[in-house]
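Okay, structure first, notes after.
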Amino acid sequence: MTTPTTEVTDHRLVGVGAVDEAGDRFDALRALHRIVKVTEPDLSYWLVLDHDLVRECLQNPAAFSSEVITPLSPDPPFAMIPIQLDPPEHTQWRRLLAQYFSPRTMGLLRPRLEERTVELVAAIRARGECDYVEDFALELPTVVFLELMGLPIDELPTFLEWEAQALAPTDEGVFDPERQIGGIFSVVGYFQAEIARRRESGERGDGLLAAMLGWELDGVPAPDDALVNCCLLLFLAGLDTVAMSLSFAMHHLATHDADRRHVARLAAAGESIDGVVEELLRFYAVPEVGRKVKQDIEIGGQQLRAGDLVVFPLVSANRDEALVAGADALDLTTGQPAPHLAFGAGPHRCLGSHLARIEMSVALAGWHRAIPDYALRPDTTPQAYWGNVHGIFSLPLEKFGS
Amino acid sequence: MRIVVDSGLCSGHARCNATAEDLFPLDDLGYVAVTDPEVPAGQEKRARDAVSACPERALSLADG
Ligand code: HEM
Ligand code: SF4
């Protein structure tokens, strides 16, 4: 049975505000609705807030297509591989990619990550202050990306610049399409040239890119433009997601003394902080995933029509009491981590989830071993932005103690 | 006690494996590939924890 559609008109997909604002707003909406229709001046979409509904919809790609992954781009000019493909096309790519992102393969990157973390944290500690976002959070995943793809580390400053253009909002929290497209074209141009160079020289080189040059789809070599497309998506998917998950985590720890001490104690003792990472990922899940309805379907008492757009704010699903009792608060001392959806669900489950977990764990453990105590710079109030990925503009930390 | 996998729902989060590696081995792509569904005596709690760690609800336990 469907219930009459209520519409919310004061919700905005993109915005700027206090660090806790977006999460709190979804909590308030979820208390009223499991799913609700949102109308903005230029956009209209369903917002799915309930944990079980989010999981069930993401597990149903036949009804919820990835052709559109955000209402901000309702008619995408091309489909990014693999994130905008539906099965069975998606399945082929996923099979090619998966072994390079398996827990075992990703574990091999750990020593390099630890090394880089120690270097970065030592430099920050010597300075006695930092902007965590810029000086640490953005840099680490970009180093890992270059390493994983098999690209030279001297490209780091260039990639950081492109990343800022393609993924970050301006200081006013607006996503400037021209600037974003500029960044994306630069990345595309780079991979086109790099793939051509490797093909011409006859030497495939290193990393995932080397493997990609040998990939086949249905027995035919994968075309280079598809490989470039896939490289672009890997760039877009694995950088600000990790950077911003880390930034929300560190903002929390900088402002919650008992939690910070707990993490510092685990790090000093060399104990696993994997449970801490899970709880932080759960509570501060940064992505809002999108889909396009393929066939009329009833969800949570609402009738969705083919062509409707849907947004799944994962932070809402993750703070739903249906997931675990007490889900609306963060508790770093819970025994068993909740089976949260920060990495999505269904066939598009984050390909990089095993890598992201290692990055988070190495980054937080390495930081707290070297800098167990720290505080927000008192004259600042960090500001967050939201959109397809939630983020924090800057996070000035100081008062490093032991 | 027996492990039941709905392989249509498994999407390779590998949380079961992170909880009880020996009971929930992974294939090369990182998806669960249970070789022996029988849960050894004394391992019931670990099996239950691993089952409830799955974000997709792809795992369950059956008697016998
Ligand atoms: C904490 C950090 C991260 C979070 C929270 C995150 C979250 C997500 C989510 C929710 C999805 C599903 C999107 C959808 O269903 O439409 C996704 C997809 C994806 N992620 Fe991540 N991600 C993170 C880090 C990474 C990293 C490090 C990589 C590695 C390059 C990566 C690569 C991908 C790829 C390739 C996809 C598309 C998978 C597909 O369509 O089959 N992610 N991510
Ligand atoms: S946790 Fe669930 S989805 Fe993940 S590998 Fe295990 S069974 Fe598959």
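All figures in this text were calculated on a predicted structure; none of them were measured in a lab. Naming convention: chains lettered A, B, ... in sequence-line order (proteins, then strands); numbering from 1 in each chain.
- For A:H354, the part lying under 4.5 angstrom from a heavy atom of chain B is the side chain only.
- In this structure, the separation between OG on A:S102 and CG on B:D28 is 7.5 Å, given to the nearest 0.5 Å.
- Scored by the side chain to side chain contact (heavy atoms under 4.5 Å, CB included) test, A:I83 finds A:I69, A:M80, A:L233 as partners (sequence neighbours excluded).
- Within 6.0 Å of CZ on A:R112 lie more than 12 heavy atoms contributed by other residues, nucleotides or ligands.
- Residues of residues 52-67 of chain A lying within less than 4.5 angstrom of chain B, judged on heavy atoms, are A:D52, A:R55, A:Q59 in numerical order.
- Interface remark: A:R357 contributes side-chain atoms only to the contact with chain B (heavy atom separation under 4.5 Å).
- Within residues 7-24 of chain B, the residues having any heavy atom less than 4.5 Å from a heavy atom of chain A are, in residue-number order, B:L9, B:S11, B:G12, B:H13, B:A14, B:R15.
- Distance check, rounded to the nearest 0.5 Å: CZ of A:R94 to CG of B:L29 gives 9.5 Å.
- The candidate from A:G346, A:P347, A:C350 with the greatest count of non-hydrogen atom pairs under 4.5 Å with chain B is A:G346.
- The two residues A:Q336 and B:S52 make their nearest non-hydrogen contact at NE2-OG, 3.6 Å.
- The part of A:P103 that comes within reach of chain B is its side chain, from C-beta onward, which places non-hydrogen atoms under 4.5 angstrom from that chain.
- Interface residues of residues 34-45 of chain B toward chain A, defined by a heavy-atom distance below 4.5 Å: none.
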